[in-house]
There are 2 protein chains.
Amino acid sequence: MQHIHKKINSELNPNVSVDCVIFGFDLEQLTVLLIDRGEISSAFGPRMALPGNLIYDNENLDMAANRVLDELTGLNNIYLEQVGAFGDPDRIHKESDREWLKSIRAEPEARVITVAYFTLVPMQQYKPQASSFAKNADWVPVNEIKELAFDHFEILQAAKEKLKQKIKIQPIGFNLLPEKFTLSQLHRLYESILDKPLDKRNFRRKIQKLDILSSLREKQRGVPHKPSLLYEFNEEKYQELTQTGFDNFGF
Amino acid sequence: MQHIHKKINSELNPNVSVDCVIFGFDLEQLTVLLIDRGEISSAFGPRMALPGNLIYDNENLDMAANRVLDELTGLNNIYLEQVGAFGDPDRIHKESDREWLKSIRAEPEARVITVAYFTLVPMQQYKPQASSFAKNADWVPVNEIKELAFDHFEILQAAKEKLKQKIKIQPIGFNLLPEKFTLSQLHRLYESILDKPLDKRNFRRKIQKLDILSSLREKQRGVPHKPSLLYEFNEEKYQELTQTGFDNFGF
DNA sequence: TTGGATAGTGTAAAATTGACACAAAGCTAT
DNA sequence: ATAGCTTTGTGTCAATTTTACACTATCCAA
């Protein structure tokens with residue numbers, strides 16, 4: 001059986017997969033793009049799972065992660081970072097898991113190592129693809145996720161932690177925002193990633209001092225309150241900053 | 001041929017290996033335990049490599065890393081942390097690499113993903129084992145390593161960086177020191193991990209303020225200068241510290 | 001025009017950082 | 001025993017950073 005499988009999908013490596021924690025930000029809270037595995041699986045375990053797939057023998061890990069992301073969202077050239085490798089021998093044990101894996105052409109008997117990635121996508125640009133995957137894809141607020149299929153909940157926790165650490169060192173949060181954004185939105189973003197409240201004035205002072213934002217002479221429109229000034233992230237100024245050995249945002 | 005291999009070592013997974021960056025500290029500088037692959041390989045590429053091996057199908061990744069470490073040093077219950085997964089399709093390309101892999105029963109043709117770990121061992125307790133591996137193992141100062149076999153140099157860089165980040169958040173450096181140590185030794189350790197000089201008085205002030213060291217009423221003996229007081233790491237006090245949401249040593 | 005909602009702003013006290021130099025203690029060689 | 005070498009151990013001051021905290025301005029909608 002292993003043999004048959006290998007012949008049919010000779011390019012797929014049956015032992016290694018990638019899973020992606022695709023983060024988004026709806027301007028209110030941090031969200032993750034999850035796959036709904038449908039009714040069939042729900043009797044045995046959580047329906048929702050991280051998007052992922054086996055890797056091909058002719059691609060490296062980063063390429064595989066980008067492929068999964070592209071197939072699902074149509075986005076490429078996206079911020080992407082490895083979280084780590086996961087895999088117990090008994091990682092896959094539920095009947096429902098086996099069924100599900102068969103349906104995506106994975107090898108249900110084999111022991112699978114999965115390499116997890118997290119990516120940051122600007123939700124505004126997200127266009128669901130027509131793949132069978134994407135039809136069942138949903139953004140779910142991180143805080144509402146209590147369980148996931150396989151070991152995906154564990155992977156999600158690790159990804160959140162990695163993101164939290166990373167944002168203290170690099171301003172990667174801008175990848176989650178539209179090109180033009182307000183300081184309040186940035187503030188909310190940091191609060192939801194760091195999972196703690198930040199004083200408004202202190203936050204603004206700290207961000208402004210970094211001098212990596214360009215203020216636009218443009219205001220929000222159509223909001224039922226005082227409109228905010230819009231800003232954009234200034235890549236060049238950030239480069240200058242890092243060239244001076246900067247690696248700590250102090251949050 | 002793949003078939004034969006699988007039969008002989010049916011427990012080995014031919015696609016996944018672990019490599020360990022085993023850090024030590026000789027009280028002067030940070031070192032790494034490397035394997036000398038011998039004359040045979042030296043004509044084609046670097047002789048030195050990270051210790052590693054394929055994983056068995058019935059162990060998880062952490063267990064495999066611990067096994068490699070134990071086989072080599074006889075140490076277990078050692079601080080161990082995953083660095084990440086590495087693996088391009090063309091990761092193994094040199095003739096010498098293939099020969100070497102055959103000699104350790106690995107599958108030279110297969111595409112191999114390797115999961116890298118770093119570990120911190122107290123060099124004082126290190127006793128080389130009688131394995132064929134350990135006979136050719138050597139501690140090499142990190143700064144003197146300019147190249148390694150396969151993609152191990154890249155892995156080493158990633159491990160150093162991870163260690164650097166981690167020590168800013170947790171006081172894991174104590175795993176590299178003997179039970180009793182001096183502040184100067186701790187100082188040197190931090191300097192070699194962070195790879196930059198730290199002011200002596202400021203360093204001592206900062207460390208002491210954390211209040212995670214127990215001062216012993218005991219002095220160094222046999223040194224040709226003013227003997228230093230000895231300290232030990234206080235696990236309980238560190239636990240208290242972390243319970244208050246502490247996660248930043250500010251280096 | 002009024003009310004509701006969020007944007008935007010400053011200051012003072014406390015804590016932390018960074019820069020800096022010299023006396024004390026033990027060993028060694030004479 | 002003494003002189004000299006080496007490393008330990010210590011304090012202060014200025015500059016910077018952090019924290020805590022409250023009111024006015026602006027726009028929309030009713």
Side-chain angles (χ1 to χ4, degrees), chain A residues 25-29 168-169 177-178 180-192 194 196-232 241 244-251, chain B residues 25-29 167-169 171 177-178 180-192 194 196-232 241 244-251:
Chain A
F25 180 62
D26 63 11
L27 304 186
E28 287 286 333
Q29 50 193 334
K168 295 178 181 179
I169 292 174
L177 291 168
K180 300 173 181 180
F181 52 87
T182 72
L183 288 183
S184 294
Q185 289 163 354
L186 189 61
H187 183 201
R188 270 300 302 142
L189 176 57
Y190 271 74
E191 287 188 325
S192 43
L194 298 174
K196 69 177 181 193
L198 301 170
D199 180 85
K200 178 165 62 159
R201 278 179 287 193
N202 294 341
F203 175 81
R204 293 166 94 96
R205 172 154 39 94
K206 186 172 284 185
I207 286 288
Q208 308 252 30
K209 170 125 40 104
L210 292 175
D211 195 32
I212 54 177
L213 293 186
S214 299
S215 168
L216 302 171
R217 288 236 155 277
E218 189 179 349
K219 287 177 184 176
Q220 254 181 334
R221 295 213 43 140
V223 286
H225 57 262
K226 176 174 177 178
S228 170
L229 281 174
L230 292 171
Y231 292 81
E232 57 184 15
L241 186 60
T244 67
F246 183 87
D247 72 341
N248 188 352
F249 283 80
F251 285 104
Chain B
F25 180 62
D26 62 12
L27 304 185
E28 288 286 334
Q29 51 193 335
I167 207 174
K168 295 177 180 178
I169 292 174
L177 291 168
K180 300 171 182 180
F181 53 86
T182 71
L183 288 183
S184 293
Q185 289 163 354
L186 189 61
H187 183 200
R188 271 298 303 141
L189 176 57
Y190 271 74
E191 286 188 327
S192 41
L194 298 174
K196 69 178 179 191
L198 301 171
D199 180 84
K200 179 164 61 158
R201 280 181 285 195
N202 294 341
F203 175 81
R204 294 165 95 96
R205 171 159 38 102
K206 186 172 286 187
I207 286 287
Q208 308 252 29
K209 170 127 38 101
L210 292 175
D211 195 32
I212 54 176
L213 293 186
S214 299
S215 168
L216 302 171
R217 286 237 155 278
E218 191 181 347
K219 288 176 183 176
Q220 257 183 332
R221 293 213 42 139
V223 286
H225 57 262
K226 176 175 177 178
S228 170
L229 282 174
L230 293 171
Y231 292 81
E232 56 184 17
L241 187 59
T244 68
F246 182 89
D247 73 341
N248 188 352
F249 284 80
F251 284 103

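Note that these values count all heavy atoms, side chains included, but never hydrogens, waters or copies made by symmetry. Lettering follows sequence order; numbering is per chain, from 1.
- Atoms CZ (R221(B)) and C1' (dG26(C)) sit 11 Å apart, rounded to a whole Å.
- Atom NE2 of H187(A) and atom C1' of dT6(C) are 13 Å apart (whole Å).
- Aromatic ring pairs are classed by plane angle as parallel below 30°, tilted from 30° to 60° and perpendicular above 60°; the pair F251(B) and F203(B) is tilted.
- Look at S228(A) and you'll find a side-chain N or O under 4.0 angstrom from OP1 or OP2 of dG8(C).
- In this entry the distance linking CG of N248(B) with C1' of dT16(C) reads 12 Å, nearest Å.
- For R204(B) and dG9(D), the shortest distance from a side-chain N or O to OP1 or OP2 is below 4.0 Å.
- One N or O donor and one acceptor, one from the side chain of R205(B) and one from the base of dG18(C), sit under 3.5 Å apart.
- Looking at heavy-atom distances under 4.0 Å, T182(B) makes no contact with the nucleic acid at all.
- Heavy atoms only, all atoms of each residue included: F249(A) and I169(A) are closest at CE1-O, 3.2 Å.
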Check: residues 212-227 of chain A side-chain donor-acceptor pairs under 3.5 Å, at least two apart:
| from | atom 1 | to | atom 2 | distance (Å) |
| --- | --- | --- | --- | --- |
| S214(A) | OG | N234(A) | ND2 | 3.0 |
| E218(A) | OE1 | K180(A) | NZ | 3.1 |
| Q220(A) | OE1 | S228(A) | N | 3.1 |

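- For K219(B) against dG26(C), a side-chain-to-base donor-acceptor contact under 3.5 Å is absent.
- Using a 4.5 Å cut-off on side-chain heavy atoms (C-beta onward), L183(A) and K200(A) make no contact.
- Comparing D199(B) and P227(B) by the nucleotide of DNA chain C whose heavy atom lies nearest to each, the residue mapping closer to the 5' end is D199(B).
- To the nearest angstrom, C1' of dA7(C) lies 15 Å from CG of L186(A).
- OP1 or OP2 of dT16(C) lies within a sub-4.0 Å distance of a side-chain N or O belonging to K209(B).
- Remark: the R201(B) side chain and the dA21(C) base include a donor-acceptor N/O pair separated by less than 3.5 Å.
- Residue I207(A) contributes atom CD1, which lies 15 Å from atom C1' of dT17(D) at whole-angstrom precision.
- The nearest whole Å value for the distance from the CG atom in L229(A) to the C1' atom in dG8(C) is 9 Å.
- Comparing K200(B) and P224(A), the nucleotide of DNA chain D nearest to each residue sits closer to the 5' end for K200(B).
- If you measure from atom CG of L210(B) to atom P of dT17(C), you get 10 Å, rounded to the nearest angstrom.
- As a whole-Å value, the separation of F246(B) CZ from dT16(C) C1' is 13 Å.
- Donor-acceptor pairing under 3.5 Å, judged by distance alone, is present between the side chain of K226(B) and the base of dT8(D).
- Within 6.0 Å of the CD atom in E28(B), the count of heavy atoms belonging to other residues, nucleotides or ligands does not exceed 12.
- Among the nucleotides dT8(D), dT17(C), dT18(D), the one closest to any side-chain atom of K206(B) is dT17(C).
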